[in-house]
Every structure is written in C-alpha cells, then in structure tokens.
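The block underneath contains the structure these notes are about, expressed in structure tokens.
We count ligands from 1, going down the list as the structure has it; atoms in each ligand are counted the same way. For clarity, every value in this text was computed on a predicted model and none was experimentally measured.
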Amino acid sequence: MNKKVLVPVLAAAMAAAIMPVSSVMAEDELIKVGFAQVGHESDWRTASTKSCQDVFSEENGYDLSFVDCDNDEAAQKEAVRSFIEQDVDYIIIDPIIATGWDTVLTECDEAGIPVIVIDRTIDDSDKYAAWVGSNFKTEGLAAGEWLKAYADAQGIEEINALVISGTTGASAQIGRSDGFNEVAEKYGWNVIDEQTGDFTEAGGQEVMENYCKSYEGQFNVVVCQNDNEAFGAMTAMDNAGVTYGPGNDVILISFDACTAGLEDVKAGKITADFECNPLAAPFVEEVIQTLAAGEEPESEVYMVEHWYALADQIVDFEIDGEAQEMTEVTDEVIEAQY
Ligand code: AHR
C-alpha cells in the first residue's frame, strides 16, 4: 500500500495558492467535483470548507458541487447519490460517522466515479481511492501523555476527568476517546463521565452545565474534543463559578487549535490545545490529478499537527517512545493559524 505522511498547515496553505489553470476555461472542460461536507458545526469546519472551495474553484479548473450536510447522516448519503446522478468526475466525502458506507460507495464504484475521503475515516468499506486526514488517536494519546507529564510537574497526584466528546461514531470522536482513555487506563486515572457535545459550542455548554451540577467539586480536568465545545464549556464553568486554566480549579484540554482556541490558550484559559489540521484540500487535489493521469495515488495522507501551550505549560512527553515537540503560543503563532 502506498502511504505518505505529514502535511503541515503552511505547506497546505501554499499549495492552496496554486496558479489558476485558466480563467477562460469552457464549462465542459472543468473537472466536476462533488463534496459532501459534514456541516458547519465548528471553526475547524469553516476552515475545511474554505480550503476546499479555494482549491476546487472555477479559476483552478473545477466545477464544485458543495453540499453542507448539517451533521445529518441520511442527508450525506443523499448528497453522494445526487453527485452520482449529476455524473460528476470525482466525489469527496467527509464522513459524519465512520460506518454505514459500503452500499453507497458500491453505487459510486458501479458508476465509475472515484471517491476521495477527507478528514474523518470510513471504517466499514474500502471502496474509495484515497483518504487524506488526521490521526485522531495520536491526538488523544498526545493529550493524555501531556496531561501525565504536566500533572507530575505540578505535583498533582489525582486526575478526575470529565470528557465532552465529539459526534458519537465520528472517527474524530472514536480516535480521541480511544487515545485519551488508553493513557487514562495506563495511569489509573478516574474518567468520571464522557458525554457528547456534538462538536458544537451549544453542545459543549449544555454538557458542562450538567457536569457542573452533577459533579460539583469532584473534577480537576475537563477534556473537550474540539475548541467550540471548549468555548461552551468555559461559559458554563464561568456561570457555575468554576475556575479553569493554569493555576486554577480545572485543567482545560482542547483539540483543533483554531485561531480562537489559541487565543484562549494565550489568555490562560485553555491549558493545552492539540491541533487538528483542516487544510487538506490541496492534497485531495493531488490525489485527483494523480487519478486523472491514470496513476495510483497514495492511499493514506496524514496531515502534520502540533501541540500548543504557553511556555510554563510546555513539558516533555512521549507517545510510544517517540519524543513530542510542543509549540509555544505567541501572537505570531496565532496569526499564522487557521
Ligand atoms: O473531523 C474533525 C473534527 O470535526 C474537528 O475536530 C471538529 O472541530 C469538527 O467538527
């Protein structure tokens, strides 16, 4: 299997600036691409959508049919079937959840339309040409191993964690939960509860309001599986009088590291933020160009991701024996982020 790894945010942004193919291309010369996007639940998702719309523009030689599936699994399958009816040249799917895909992917296969999976994975079918996305389990392991090293450095002996997870059954949720829980089990931590906030700010706030009532005074770590959930959780903790961030009641861990998330790290609210890189579209375009040339693309392309904190919260840690580097959050780092 052809495997390629590690695509950084900057390289993705540069690749997105590819020169226009032609500004006078006839409509029937454009490559028709259908993109079934998850929805619009987060800052991450907005950046992912923009990355795809920038790359698959008419200026770059594409006719993009974009469908925002609003986190509705049935609507996403319908969108894919509508792309088959439109006889597009390529279909891009960011699967809301990881399973239930084989039937519709078989239909794409029978129609002779190659599918490229972006961001989240499909776990119950191999009828697609390539996948470009993130290693969500590594993100969860990084959060856990950082917490262990940070708690040790602070002399914190007991971890009582509450998790606000992402959309249940999404590979981003499964991977982050698996990674963090593996570390929690290894060190004997108490994971008090895990409830879904559906990757939204409103969901994060609602779950955290319930946690503050049900587990008052019983937790010292909150893990939000994306920044938008963390924004909602912070509102709930503010309202309940729970303090968070370095030196406060609660260590707040988040994922994505979008601009607003890193601003909250800089402000001493989020203690550490584990990046998920949304700028994958240029690498999807490479896959399409490879397929168009009649060649076999890399089957898996992993985005490069960084782990962020303020200087005082940066600690040494390893994942499976591999030393991890952390990035200090500065104004320049925030400025360069998505
Ligand atoms: O699949 C990527 C995840 O989905 C991002 O962490 C989250 O923000 C988004 O909604």
Side-chain angles (χ1 to χ4, degrees), residues 7 9 12 35-52 68-73 75-76 92-99 101 116-123 131-143 163-180 194 196-205 207 222-234 252-265 270 272-281 283-284 300-308 337-338:
V7 177
V9 167
F35 176 27
Q37 172 64 293
V38 168
H40 51 272
E41 71 284 2
S42 62
D43 290 30
W44 189 100
R45 191 62 55 198
T46 304
S48 159
T49 293
K50 184 173 184 310
S51 171
C52 279
D68 174 335
C69 300
D70 200 17
N71 217 30
D72 179 332
E73 296 156 45
Q76 191 165 44
I92 305 170
I93 302 173
D94 190 330
I96 296 168
I97 60 163
T99 51
W101 284 100
I116 299 109
V117 180
I118 187 172
D119 170 36
R120 302 179 185 174
T121 55
I122 284 177
D123 295 348
W131 165 84
V132 181
S134 303
N135 192 328
F136 300 113
K137 182 162 183 197
T138 298
E139 293 171 2
L141 288 169
V163 177
I164 303 179
S165 53
T167 301
T168 306
S171 69
Q173 176 272 313
I174 296 168
R176 288 172 192 162
S177 294
D178 284 355
F180 186 78
E194 172 171 335
T196 182
D198 235 352
F199 285 129
T200 65
E201 182 166 346
Q205 182 171 342
V207 173
V222 171
V223 180
C224 295
Q225 287 190 349
N226 79 348
D227 285 335
N228 293 79
E229 288 180 343
F231 305 151
M234 285 189 272
L252 179 58
I253 295 173
S254 186
F255 294 86
D256 281 1
C258 66
T259 302
L262 291 190
E263 279 166 351
D264 282 338
V265 174
I270 293 174
D273 206 339
F274 297 82
E275 185 178 44
C276 184
N277 180 344
L279 307 180
F283 307 98
V284 174
E300 292 178 348
V301 179
Y302 286 91
M303 305 297 287
V304 163
E305 321 207 293
H306 298 91
W307 321 135
Y308 293 97
Q337 200 63 350
Y338 66 90

Considering only heavy atoms of Ala172, which atoms of ligand 1 have at least one such atom less than 4.0 Å away? 1 (O)

Within the 4.5 Å heavy-atom criterion, are Arg45 and Asp119 side-chain neighbours or not? yes

Students should be able to answer this: which protein heavy-atom is nearest to atom 5 (C) of ligand 1, and at what distance? Asp256 OD1, 3.4 Å

Can you list the atoms of ligand 1 that are under 4.0 Å from a heavy atom of Glu41? 4 (O), 9 (C), 10 (O)

Heteroatom distance test (Arg120, ligand 1): nitrogen or oxygen, under 3.5 angstrom: yes

Proximity to ligand 1 by part of Arg176, non-hydrogen separation under 4.0 Å: side chain

Can you confirm whether more than 12 heavy atoms, excluding those of Lys137, are under 6.0 Å from its NZ atom? yes

Below 4.0 angstrom from a heavy atom of Ser42, which ligand 1 atoms are there? Numbered from 1 as shown, please. 7 (C), 8 (O), 9 (C), 10 (O)

Taking distance alone, with N or O pairs closer than 3.5 Å, would you say Asn226 contacts ligand 1? yes

A side-chain contact here means heavy atoms from C-beta on lying under 4.5 Å apart; do His40 and Thr49 qualify? no

State, yes or no, whether a side-chain contact exists between Val38 and Arg120 at a heavy-atom distance under 4.5 Å. yes

Ring pair (Phe, Tyr, Trp, His ring centres under 6.0 Å) test vs Phe274 passes for just one of Phe136, Trp307, Phe180, namely Trp307

Could you check whether any side-chain heavy atom of Met303 comes within less than 4.5 Å of a side-chain heavy atom of Val132, counting everything from C-beta outward? yes

Which atoms of ligand 1 are found less than 4.0 Å from any heavy atom of Asp119? 1 (O), 2 (C)

